[in-house]
Amino acid sequence: MENKARVRFAPSPTGELHVGNARTALFNWMFARHEGGRFILRIEDTDESRSDSAYQTSLLEDLKWLGLTWDEGPDIGGGYGPYRQSERLDLYEAHLKKLVDADLAYPCYCTEEELEEERQTLILAKRMPRYLGKCRNLSAGEREALAASGRKPSCRFKVPRTTIEFNDLIRGPIRFEGEAMGDFIIVRSNGMPAYNFAVVIDDHRMAVTHVIRGEDHLSNTALQIMLYRALGFEPPAFAHHCLILGKDHAKLSKRHGSVSVGEFRRQGFLPEALINYLGLLGSSFAGGREILSRDEMIDAFSLSRASRSGAVFDEDKLRWLNAAYIRKTSTEDLLRKLEPFLRAAGFRPETLDAAWLKNVLETVKGELTTLAEIGAHIDLFFDERYSLSDEARRLLAAPGAREVVGAFGDYLERAEDNAGDIYAAAIRHAKEKSGAKGRDLFMPVRAALTGKLKGPELDRVFAVLGVDSARGRFQQVKKTLGI
RNA sequence: GGUCCCAUCGUCUAGUGGUUAGGACGCUGGCCUCUCACGCCGGAAACCGGGGUUCAAACCCCCGUGGGACUACCA
């Protein structure tokens, strides 16, 4: 029996994979791979009203897209299945019986309205809102009467009045006073297990050795440890990483903008860039490196490097990383990844000359921050999409620009199509005729040739575009300038 | 309100008693390519406050202050 690390990522299929959850998955995954352990995927779908199998599918897809592959999970099985909580109900039932038989759990007949009332009273009294234990000591007769009245009981755990202490692998020693906690529900009145109950049973039965999750679970850990003890299970090690925050320093949520992995994918972020960024958020890698491959991340990962305070999500840095990864990606790969974005921009890749497209991409690659920007960067290579931007118009209207454009255009008109490096010659000609140089020389040429003020190296653009196209554009610009 | 967690440049972080407090994003100056960008070289920019402990505290302790999470028959 090996005692290899076993960790799990246990999302509930109630929405698209959130970057916060993706980061939790990443930490677990890196930990497992670093330790040579197993990474388990478990679906927590006990809330039937909120769970949706469509989300379950998208969850797995997003995880795969990110490259966070699992060793055991609902789709591939494993020695500790099933990996969906909805398929493990008999297990929860059996464990509930154990607790009830040991008098560690009891039925609670309170309605949600009654509980809400109790909660409000406590809040008004400035006390910790918690269940005060109304049903804890009901007699058999009272229970029967309540049941006879049609009430469906939930089941609560008898919280022991003890102090819970544990050593968090990221935050050090943590302690909770059991005093402050009310008996909590472990099985809902509809028969479904509550989160804290199911998690404990599953983590134990799946032989999970380390629970790595967000700090929002810190207080749950105290409850869960009580359950471990009541059930006679040895608790795993716990590590609570910090949360991802929005610009306002509150937990990152939809109102902060893009927060799901799917959104970033659709915006044209590369999975390796997102992963890399998430690994840097609220943590750092040994050696202080910031751009790392998956293998390097695994190698340099350590829970001890995870920070304890919340980390603000910085989209600027993500974009910087994404641009860096795009530059690193081979043109062939990039072309493949770009395909859906080209279509979305109205291009039909299959109708374009492959070699030419590759050329275009090569000249434009360095300009891209996200894949979705591709359209805006390559439209200048299509005459039917070429047009002068307002900025370009303004620049061309400035004094000095018309001389440059005129001279450059004139040269193009007289040049033989196969007369060597026409671009260089035309620039030289424009420089001599207009006396402009540097910025004053190149910007008007850029504006006229591409319609924009920013873009790839002009000589490359010119080469890809061809003399004909360039000639046409200069004629057009000259006309609008009245030259 | 209660419980718990946290606190280094605007942001992400390095730093574990002695450092000119380092790096990255962003911002910014310059160089490069006769251009924007890329790249390279510089710059501005931080130890929340107050008490201790110590010869010496960003680092250890306490108290404030500030921020966050949780406070569901959601997970």
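The chains referred to below are lettered A, B, ... by the order of the sequence lines, with proteins before strands, and numbering in each begins at 1.
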**Message:** Please compare A/Glu367 and A/Glu215 by the position of their nearest nucleotide in RNA chain B and report the one closer to 5'.
**Reply:**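 Nearer the 5' end of the strand: A/Glu215.
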**Request:** On RNA chain B, check which nucleotide each of A/Gly438 and A/Ile174 is closest to and give me the residue with the more 5' one.
**Result:**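 Nearest nucleotide further toward 5': that of A/Ile174.
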Atom [atom1], compared across [N] and [M]: separation rounded to whole Å:
N     : M     : atom1 : answer
B/G30 : B/U11 : C1'   : 26 Å
B/U20 : B/C38 : P     : 34 Å
B/A56 : B/C40 : C1'   : 40 Å
B/A75 : B/C5  : P     : 25 Å
B/C27 : B/A46 : C1'   : 16 Å

Under 3.5 Å on both distances, the Watson-Crick or G-U partner of [N]:
N     : value
B/G49 : B/C63
B/C40 : B/G30
B/C4  : B/G68
B/G18 : B/C55

Separation of [X] atom [atom1] from [N] atom [atom2], in whole Å?
X        : N     : atom1 : atom2 : answer
A/Phe442 : B/C34 : CZ    : C1'   : 5 Å
A/Leu243 : B/C4  : CG    : C1'   : 13 Å
A/Asn220 : B/C5  : CG    : C1'   : 14 Å

**Asked** Is it the case that more than 12 heavy atoms not belonging to A/Glu117 sit under 6.0 Å from its CD atom?
**Response**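 No, not enclosed.
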**Message:** More than 12 heavy atoms of other residues, nucleotides or ligands under 6.0 Å from NZ of A/Lys478: yes or no?
**Reply:**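 It does: A/Lys478 NZ has more than 12 such atoms within range.
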Please state whether the phosphate of [N], meaning OP1 or OP2, lies under 4.0 angstrom from any side-chain nitrogen or oxygen of [X].
X        : N     : answer
A/Arg119 : B/A72 : yes
A/Arg171 : B/C4  : no
A/Thr14  : B/A75 : no

**Message:** Tell me whether the ring of A/Trp320 lies stacked over the B/C25 base, given a 5.5 Å limit on centroids and a 30° limit on the plane angle.
**Reply:**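 No, aromatic ring not over the base.
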**Request:** Check A/Arg136, A/Arg161, A/Arg130 against A/Asp183 for a salt bridge (charged side-chain N to carboxylate O under 4.0 Å, His left out) and give me the one that passes.
**Result:**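 Option passing the salt bridge (charged side-chain N to carboxylate O under 4.0 Å, His left out) with A/Asp183: A/Arg136.
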**Request:** Is it possible for you to check whether A/Arg305 lies under 6.0 Å from the centre of the six-membered ring of A/Phe285, through NZ or CZ, and within 45° of that ring's axis?
**Result:**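 The answer is no; the distance or angle limit is not met.
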Using a 4.0 Å heavy-atom cut-off across all strands, classify [X] as base, sugar-phosphate, or nothing.
X        : value
A/Gly455 : base
A/Glu290 : base
A/Ser284 : sugar-phosphate

